[in-house]
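Quick note: numbers below take in every heavy atom, side chains included, and nothing from hydrogens, waters or symmetry partners.
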Amino acid sequence: MADTQTGQGYWIMKSEPSCYSIDDLKRDKKTMWDGVRNYQVRNMMRDQMQAGDLALFYHSSTKEVGVVGVMEIVGKAYPDPTQFDPKSDHPDPTSDPKSPRWLCVDVAFKQKFPQVVSLELLKESKPLQQLQILKRGNRLSVTPVTKNEFECILKMAV
DNA sequence: GCCAACGTTGGC
DNA sequence: GCCAACGTTGGC
């Protein structure tokens with residue numbers, strides 16, 4: 001979500017660490033955030049995400065669920081090449097290469113938190129009650145957060 | 001355009 | 001591995 005003063009956008013982006021973790025990103029320094037196959041998420045990436053935006057890296061479906069670090073959106077969203085790769089995890093044979101359906105974005109490692117800001121802690125935090133990832137049934141892998149929410153989570157990480 | 005069936009997500 | 005919740009698909 002873009003801050004009205006600065007235009008700076010803030011996000012939470014989920015990944016299962018068994019698939020791709022904060023340590024993988026730390027090692028790679030930069031990666032292509034691919035595999036998004038949800039229209040809402042695609043539209044946010046296409047319409048709202050900007051280079052320089054900051055994103056919290058969230059580990060889902062693991063022993064320690066929660067926010068584990070920070071990354072930066074490097075550039076604008078562009079067609080996700082894995083949709084055309086039959087050997088990828090999420091090929092989409094119905095997507096037309098002349099008008100690609102799915103987008104991805106490049107992200108760069110910023111920091112890994114010394115400890116996980118657990119889902120439990122997020123739930124307990126008063127200022128974070130509006131977080132979309134805390135809402136029942138939320139399944140979006142990318143969700144906007146406000147500057148305040150972002151900074152609140154950063155403080156919880158130390 | 002409705003809606004049942006199905007597949008996926010993600011916390012536990 | 002269970003299951004609630006949600007998105008997508010496809011028959012009508």
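Nucleic acid contact class of A/Lys123 (heavy atoms, under 4.0 Å, all strands): sugar-phosphate only. Using a 4.0 Å heavy-atom cutoff across all strands shown, A/Glu16 reaches no nucleic acid atom at all. A/Ser61 comes within 4.0 angstrom of a nucleotide base, judged by non-hydrogen atoms across all strands.
A 4.5 Å side-chain heavy-atom check between A/Gln5 and A/Lys147 finds every atom pair outside the cut-off. With a 4.5 Å cut-off on side-chain heavy atoms, A/Met1 and A/Tyr10 do not count as touching.
Atoms CE (A/Met44) and C1' (C/dG7) sit 14 Å apart, rounded to a whole Å. In this structure, CD1 of A/Ile12 is placed 19 Å from P of B/dT9, rounded to the nearest angstrom. Going from atom CG of A/Leu140 over to atom C1' of C/dA5 covers 12 Å, rounded to whole Å. Atom NE2 of A/His59 and atom P of B/dG11 are 12 Å apart (whole Å). The CD-C1' distance, from A/Gln40 to B/dT9, rounds to 14 Å in whole Å. We find that NE2 of A/His90 is positioned 18 Å from P of C/dG7, with the value rounded to whole Å. Atom-to-atom, CG of A/Asn138 to P of B/dC12 comes out at 13 Å; the value is rounded to the nearest Å. Spacing between atom CG of A/Asp92 and atom P of C/dT8 amounts to 12 Å, rounded to whole angstrom units.
For the pair A/Lys14 and B/dG10, the criterion of a side-chain N or O lying under 4.0 Å from OP1 or OP2 is met. Under 4.0 angstrom from either OP1 or OP2 of C/dT9 there lies no side-chain N or O belonging to A/Tyr39.
Annotation: A/Tyr58 is not in aromatic contact with A/Trp11 [ring centroid separation under 6.0 Å not met].
Of the candidates A/Asp80, A/Asp89, A/Asp92, A/Asp80 is the only one forming a salt bridge (charged side-chain N to carboxylate O under 4.0 Å, His left out) with A/Arg37.
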